[in-house]
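So the structure is just underneath, and the comments pick up after that.
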There are 2 protein chains.
Amino acid sequence: MNYQIELRHFIYFLAVAEELHYRKAAEKLFISQPGLSTQIKQMEGILQTQLFIRDKKKVRLTPAGDFLKGEVEFILNHLEQTKKQLKLIGEGHLGEIRIGFLGSAMQNVIPNLLLDLKEKFPFIHTSLEELSNKAQISAILRDKLDLGFVRLSRVPKGLKLKPVFEDTFSLVLPADHILNEKDFKSINQVATDDFILFSQDYSPQYYDTVLSICEDAGFSPNVSHKSVHAQTVFKLVENKLGIAIVPTALQYGFQMKVKFIELKKIKQRAILSMVWKEDNRNPVLQNCIDLLLKL
Amino acid sequence: MNYQIELRHFIYFLAVAEELHYRKAAEKLFISQPGLSTQIKQMEGILQTQLFIRDKKKVRLTPAGDFLKGEVEFILNHLEQTKKQLKLIGEGHLGEIRIGFLGSAMQNVIPNLLLDLKEKFPFIHTSLEELSNKAQISAILRDKLDLGFVRLSRVPKGLKLKPVFEDTFSLVLPADHILNEKDFKSINQVATDDFILFSQDYSPQYYDTVLSICEDAGFSPNVSHKSVHAQTVFKLVENKLGIAIVPTALQYGFQMKVKFIELKKIKQRAILSMVWKEDNRNPVLQNCIDLLLKL
DNA sequence: CTATCTGATAATTCATAGTTATTAAATACT
DNA sequence: AGTATTTAATAACTATGAATTATCAGATAG
């Protein structure tokens, strides 16, 4: 009759929304299929909104259902985070902060941040995860991540973006490439080489910047390969499958038969920024941001 | 045993946290005091954290409880907001509709539709794209577009077609063409001129109709150029590369040295229809269709 | 045309939220 | 001090409704 929505409904709903299959979803939840059916139907009744379209043999989300899926993911993630923090507070610790970062941030900003954090707030737990720009933004919006380190110039509404590290770019060449640092004058000298770049969708900002560097030099690069990890890019260069242009900081931390030539003269810079949700409720976050801005 | 937190717990918790008095909180919730006591206790068990300090006669929040109070308020508010939005989406008052149109629809139907839509459903977002007939049909079938505006007499199965605007045709002549509106009697007078038409595959319906107009007049037109954009057609006419026959509405909105002679007597009409997928589940779509049919 | 999927329905069971009745402890008032 | 009145917690019970089993009807595949 006059039921109320419960978290149980959300968990059931999410399972169906993910599987788009009642029996499979029910199995995953360790309940019976009829039970799941009635609960979802009840949920639709409470919300007075149809969430799924079932035309025998196919289950799909309605636009409303699709919207709710995003919200439910957010609510459940937020709740999970709240539970963890609650327990830490109960135990006298302070909390946890979940940080995402691009692989290229591991060389400088992240280690410093972690050391400082550990020193100032010894009871703060940190969880670290290497993710693409896009994945970080999505995780932050869904409250799966508190702080991200990305290379982007714009972020969706509701998120804050603050540059924290500016780096020059460097040319990456096979160790035995004819061009040497002392002979180097301009990247025009490698205009005809094949280029290996980070995937456009891993970091569109980086991609555009590298193209603009080449454009400024008066040529359009021949992109032979795209990759996601610096490791892979360097390996490809080492094997003479092409050359690359990457943030200079990446030269540290890899053991490869490649040489770096820093492009000091060009105006473009690799900018690493931190992102977070403006209305994030994690009390640890503000401390973390303040700390970083002082670095 | 192995209970799960439910929203009920949060609502009960909040009542106690506000009243700091079990009996009063229970009254407010219309449940009995022992029931409330056990639920709160159960909650503390699930969260493995003490939330209240009860030293007989006084109830206080622990620091953890204080933190949780803020979070619960946030979650319940967010949930309330989500429920409201969900209902709006379900009713089609909130959401997005993706509209495709032929350039020639931009003069009349589209602006009116958009204005009306904005007025009636201010929270609906629209995405607009100028596309050929063919491209619109293909996009609608793939669910990349919700609504299209085309000049076609038939559409593939599963799509619905509804005429929304009927227009006469007009002859388009260079400004200094010998033929004037007052001397005009029949298009036979321009039977020997070269014709510029919209490409057959941009709008086969239009193409056939123009041919039939000429046929009815007893001649077969000399087609010198074909183009996709009205802009281009008019430019070609302006430069005396030929004359054209286009829907009359196109005479507005272009700054060209051409003159229009409306073909009032001929029976053919330029019919603009809207197309959509019969089983499209976007709730905004139906509202949009209803609105247009009333126009 | 049968076999095998799908989700929905109906009847039933069973867990548990919430009930009433009561208790123990703390304060307030003669 | 002794009684009255308050508090939340405990115990025994009830009744709501979540979840189960059994079954059905429609869709698809072989």
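In this model, no donor atom of one side chain and acceptor atom of the other lie less than 3.5 Å apart for A:R8 and B:Q4. Looking at B:Q81 and B:N77, their side chains never bring a donor and an acceptor atom within 3.5 Å of each other.
Picking from C:dT19, D:dA18, C:dA10 the nucleotide with the shortest atom distance to the side chain of A:Q39 gives D:dA18. Distance from the side chain of B:Y3 is smallest for C:dT16 among the nucleotides C:dT16, C:dT9, D:dA9. Between D:dA9, D:dA18, C:dA10, one nucleotide has an atom nearer to the side chain of A:Q42 than all others, and that is D:dA18. The listed nucleotides are D:dA19, C:dT9, C:dA21; the one nearest the side chain of B:P34 is C:dA21.
Rounded to a whole Å, the CD1 atom of A:I31 is 18 Å from the P atom of C:dC14. A straight line from CZ of B:F52 to P of D:dA9 spans 10 Å, rounded to a whole angstrom. Look at CD1 on A:I40: it is 11 Å from P on D:dA19, rounded to the nearest Å. Distance, B:F30 CZ to C:dT19 P: 12 Å, rounded to whole Å. Distance CD1 (B:I53) to C1' (D:dT7): 17 Å, rounded to an integer number of Å. Atom CD1 of B:I46 and atom C1' of C:dA17 are 12 Å apart (whole Å). Residue B:L36 contributes atom CG, which lies 9 Å from atom P of C:dG18 at whole-angstrom precision. When the C1' atom of C:dG18 is taken as reference, atom CD of A:Q4 falls 16 Å away, rounded to whole Å.
Separation of atoms CG (A:L128) and CG (A:L145) is listed at 9.5 Å; rounding is to 0.5 Å.
For B:Y207 and B:Y202, the distance between ring centers is not under 6.0 angstrom. Side-chain rings of B:F74 and A:H78 approach one another, their centers coming within less than 6.0 Å.
Distances shorter than 4.0 Å separate none of the side-chain N or O atoms of B:K41 from OP1 or OP2 on D:dA8. At the phosphate of C:dA8, OP1 or OP2 sits under 4.0 Å from a side-chain N or O atom of A:S37.
Here the side chains of B:L76 and B:E73 are not in contact, with every heavy-atom distance at 4.5 Å or above. Contact annotation: the side chain of B:L113 approaches that of B:F149 to within less than 4.5 Å [non-hydrogen atoms, C-beta and beyond].
Using a 4.0 Å heavy-atom criterion, one finds that A:Q33 contacts the bases of the nucleic acid, with or without backbone contacts as well.
Residues of residues 5-24 of chain A that place a heavy atom closer than 4.0 Å to DNA chain C, in numerical order, are A:H21, A:Y22, A:R23.
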